[in-house]
Every structure is written in structure tokens, then in C-alpha cells.
Amino acid sequence: MKTYCHHCGTALLPAAAFCHTCGTEVPDAVRQQTHVAPHVRAVALARMGHLDEAIAAYEDIIAHAPDDAGAFVALATLRIAARDAAGAETLLRDALALDEAHAVAWAYLGALLLERAAVSDAEDAFALALRHAPENCIVRLKRGEAFLRLGRTYDAVQELTHAVMLPPPDTETGTYARTLLKAARAQAARSVSRTPVGGTASASPRRLVRWMGAGGRGREASA
């Protein structure tokens, strides 16, 4: 017989200690035989906005599975949300020490490096993310987000268009990608509307001297 979360109504997994949707604790009386996976609980806590509890849950996962690169990356994203950039960068580098081909870790690391103006290192991180997983939604999303921050609006539109065509890891990521693409398109439209009659649209600012182009092959010169 199925049981349901008294908080959100979601059908519970057998013997779930916490609802996998909202993170609410399940009373002992309704548990059956198996336990919810630790990752499921951590994701649920993060989804519900229980940041401190989600961080603690991932720290517990890492304590019991120190070779779980995915847990390091997930915890890093929560550290970013908590505005702990230094802690997040350390976690991402730990993840890459475990799995140097972890594209999502490279993508988030690129974003953090760009945040502190380490442009050359950021471009290298994004290039590695793209090399290891060119069809990963997060990789394309973070790269498009970086282009937009740099004022490279048309490159951002191209990259974010690619991102929204790929399967997102969750609904929230998909929604954010579409929202960012809409903003990039609006910004591009404003740039076109400011172009003088008979003139040509000015190029987007080129702050990345050696930014890797599509597929991680091309290099661009600074304007």
C-alpha cells in the first residue's frame, strides 16, 4: 500500500526517512523496508531551500564516500548559493582531482574564476568543460551566462539557445536557462535598435583574448 507525504502529498518511497520531493521527515509508522538514498534527501532539502541542512547532508555523504566527485560538485553549488566562493572553488578542485573529466565541475569552476576576473584560467576551464561534455545543458548554460556577463550578447544567445535544447538536470535549471535566453535576446534586440541608420552593429566587447570558440577549437583576438 502506498503512503504519501503529509506535507506535499507526494507518493513516498518504501521506508523513506524523508520525502524525496519536499524533504519533510516521514514518521516511523509509515516507513516500510528500504531507505531513501542520501543523495535524494540532500537534493530534496536543497530544492526546498533548506540550505544549511542540504549542505550538512552533502558533507555527510562526502564523509562516508570521499571518492564521490558528484557530491563534491553538488556541495560546491550550495556553497556558491551561500556566497562562499572560496569554499566552492576548493570543492570543485577536489572533485576534479577525483575525476578530471567532470565537465560540470569545470563549468562551475570557470564561472567562479570569471567572477574574480581570472579570465585566462576561466576560459581554459570552460574549454575543458566543453571538450568533455559538449551536449551537457549545464556546460552550455554556464558558458552562455559567462558570455552575457562579458557583454558578448550574440555569443550568449547562440550558447543559451543550445542550452535550452538539451535536457536539463531539473525543472529549475531548465526554467533559468529559458529566462536567461530571453534576457539575452532582449539585450541583443536593444543593441540592434541602437545601430545608426546606414551603419553596422558594433561588435560586442571582447574581453576574452583567447576565448575558445565553438567546439573548443577557435581563438578570438581582442578588439
If I compare all heavy atoms of K142 with all of A111, which pair ends up nearest, and what's the gap? CE-CB, 3.9 Å
Could E89 and R93 be called an ion pair, given the rule that one side-chain N must be under 4.0 Å from one carboxylate O? yes
Take atom CD of E172 as the centre, draw a 6.0 Å sphere, and report whether it contains more than 12 heavy atoms from other residues, nucleotides or ligands. yes
State plainly whether one hydrophobic cluster holds both I61 and L78, where clusters connect Ile, Leu, Val, Met, Phe, Trp and Tyr through side-chain heavy atoms under 4.5 angstrom apart. yes
How far apart are the C-alpha atoms of Y108 and H102, what are their side-chain angles, what is the distance that settles it, and do they pass the side chain to side chain contact (heavy atoms under 4.5 Å, CB included) test? CA-CA 10 Å; Y108 275 105; H102 201 300; over 6 Å; no
Hey, mind stepping through L98 and D94 against side chain to side chain contact (heavy atoms under 4.5 Å, CB included) and telling me if it holds? CA-CA 7 Å; L98 293 167; D94 288 342; 5.8 Å; no
Across all chains, not counting sequence neighbours, the ring-ring contact (aromatic ring centres under 6.0 Å, His included) partners of H39 are Y58
Just verifying a value: how many Å separate L114 CG and F147 CZ, rounded to the nearest 0.5 Å? 10.5 Å
Are E59 and R79 ion-paired here, with the side-chain N under 4.0 Å from a carboxylate O? yes
Evaluate the criterion side chain to side chain contact (heavy atoms under 4.5 Å, CB included) for residue pair W106 and L109; output intermediate values, then yes/no. CA-CA 5 Å; W106 282 119; L109 181 59; 3.9 Å; yes
To check you understand the geometry: which heavy-atom pair defines the closest contact between A88 and A76, and what is its length? CB-O, 3.5 Å
Hydrophobic clustering (ILVMFWY, side-chain heavy atoms < 4.5 Å, transitive) - are I55 and L45 grouped together? no
Any donor-acceptor N/O pair, R140 side chain to P134 backbone, under 3.5 Å: yes
Do you know the tightest heavy-atom contact between L166 and E135? CD2-OE1, 3.3 Å
Looking only at heavy atoms, which two atoms of G144 and E159 are closest? And how far apart? N-CG, 3.5 Å
Grouping I, L, V, M, F, W and Y whenever their side-chain heavy atoms are under 4.5 Å apart, do L51 and L91 come out in a common cluster? yes
For L113 and R116, run side chain to side chain contact (heavy atoms under 4.5 Å, CB included): C-alpha distance rounded to whole Å, both residues' side-chain angles, the deciding distance at 0.1 Å, then the answer. CA-CA 5 Å; L113 291 169; R116 59 181 175 86; 3.2 Å; yes
Examine V104 and L128 and state if one hydrophobic cluster contains both, with Ile, Leu, Val, Met, Phe, Trp and Tyr joined whenever side-chain heavy atoms are less than 4.5 Å apart. yes
With hydrophobic residues grouped by side-chain heavy-atom distances under 4.5 Å, do L75 and V73 end up in a single group? no
Identify the two heavy atoms, one from C137 and one from A163, that lie closest to each other, and give their separation to 0.1 Å. SG-O, 3.6 Å
Restricting to non-hydrogen atoms, name the atom on A107 and the atom on A129 that form the minimum distance, rounded to 0.1 Å. N-CB, 3.7 Å
Would you give the length of the straight line joining atom CG of D121 to atom CG of L112, rounded to the nearest 0.5 angstrom? 12.5 Å
Check for a donor-acceptor pair, side chain of H162 on one end and backbone N or O of Q158 on the other, with a separation under 3.5 Å. no
So if I apply the side-chain contact (heavy atoms from CB on, under 4.5 Å) rule between L181 and each of L160, L148, L141, which one comes out positive? L160
